[in-house]
Every structure is written in structure tokens, then in C-alpha cells.
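None of the values given here were measured: they were computed from a predicted structure. Starting from 1, each residue takes its place in the sequence as its number.
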Amino acid sequence: MNAVKRGDELPRPKPWRVIAQNTQAARGWIELQRSVIEALDRAWMDITADPRSMANPHRQHQLKANLRVVKFGEVELEQWQYEVTGGGRIWYAIDDEVRTIWITKASTGHPGVTDKGGGRRSR
């Protein structure tokens with residue numbers, strides 16, 4: 001363990017790494033940051049505190065059907081959704097082995113593919 005001195009930033013004891021899976025997810029994250037920074041900060045805290053939290057299932061839950069898992073190479077990871085705002089969403093995959101959360105989609109618009117009708121409303 002590294003020595004910590006006065007004035008040093010104290011890292012979270014057991015952090016999750018959060019990484020954008022692709023350029024589209026990174027751009028969506030930036031757009032959320034520009035438009036709803038407080039809500040995005042709350043999402044970051046909730047996701048990294050407990051990526052599988054069921055405390056508020058309307059805001060944070062595992063996706064269903066064919067969106068329930070996402071493949072990373074040969075590995076299938078659970079894919080979850082966090083409702084940042086009424087329309088804004090973050091989709092993320094949880095890799096427990098390397099304690100990493102992969103942002104697979106981030107958007108200020110609602111991802112219509114999750115609607116029962118399968119409409120396309122995502123931006």
C-alpha cells in the first residue's frame with residue numbers, strides 16, 4: 001500500500017474503472033456532461049457504488065431480452081441501463097473480473113429500441 005501524505009488525493013478504496021466502449025458512447029457521455037452534469041454525476045456515483053443496485057429499479061436495472069447481455073470478445077457481460085434524465089440513458093456492461101464498467105451507450109435521447117414497440121427515438 002502506498003503512503004499517503006497530507007494534501008494527497010485519497011483514492012476510493014475499491015474503485016470501478018469506467019471506460020467508453022466506443023466513440024459513440026464517448027460522444028454521448030460528453031453530451032450528457034454538457035447538458036445535465038449534476039444528473040450525470042449522480043449516475044456516476046450510483047453506478048460505481050453498486051452497478052447492480054436494485055434500490056431504484058425504475059432508474060437502474062438490467063436490460064431485457066437480447067439486450068440483457070453484450071459480448072466482449074468471447075465473454076458475455078450483463079448489460080444494464082441507468083436513467084440519467086427522463087430521456088437520457090446510460091447503458092453499461094459489468095466486468096467483475098477486472099472491476100470495469102464499460103459504457104456501451106450514452107445518450108440524451110431515449111433509446112427507442114427498449115420500447116415495447118421498438119421505435120427509434122435515440123439521438
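With S53 contributing its side chain and P51 its backbone, the two residues share no donor-acceptor pair below 3.5 Å. Counting only distance, with no hydrogens or angles, the side chain of T104 and the backbone of W91 share a donor-acceptor pair below 3.5 Å.
Considering only residues two or more places apart in sequence or on other chains, A26 meets the side-chain contact (heavy atoms from CB on, under 4.5 Å) condition with A20. Under the side-chain contact (heavy atoms from CB on, under 4.5 Å) criterion, W44 pairs with V18, W29, T48, not counting sequence neighbours. With sequence neighbours left out, W16 forms a ring pair (Phe, Tyr, Trp, His ring centres under 6.0 Å) with no residue at all. The side-chain contact (heavy atoms from CB on, under 4.5 Å) test applied to V69 returns E76, not counting sequence neighbours. Residues passing the side-chain hydrogen bond (donor to acceptor under 3.5 Å, both in side chains) test with E83, sequence neighbours excluded: none. By the side-chain hydrogen bond (donor to acceptor under 3.5 Å, both in side chains) test, Q60 is found to be paired with Y92, residues two or more places apart in sequence or in another chain being considered.
In this structure, the side chains of I101 and D95 stay at 4.5 Å or more apart for every pair of heavy atoms.
Applying the salt bridge (charged side-chain N to carboxylate O under 4.0 Å, His left out) test to pairs two or more places apart or on separate chains, none has a residue in residues 59-72. The stretch residues 43-53 participates, sequence neighbours left out, in these salt bridge (charged side-chain N to carboxylate O under 4.0 Å, His left out) pairs: R52-E78, R52-D96. Residue pairs meeting the salt bridge (charged side-chain N to carboxylate O under 4.0 Å, His left out) criterion with at least one partner in residues 8-30, sequence neighbours excluded, are K5-D8.
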Next item on the list: With side chain to side chain donor-acceptor pair (under 3.5 Å) as the test, would you mind laying out the steps for Q21 and W102 before giving the verdict?
Entry: CA-CA 6 Å; Q21 179 199 14; W102 292 94; over 6 Å; no
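Chaining together hydrophobic side chains whose heavy atoms lie under 4.5 Å apart places L10 alongside V4. Clustering of Ile, Leu, Val, Met, Phe, Trp and Tyr side chains at separations under 4.5 Å leaves I30 isolated, with no partner residue. Through side-chain heavy atoms spaced under 4.5 Å, either directly or across other Ile, Leu, Val, Met, Phe, Trp or Tyr residues, I37 is tied to no other residue.
For the side chain to side chain contact (heavy atoms under 4.5 Å, CB included) test with Y82, the passing option among H61, R89, R42 is R42; the others fail.
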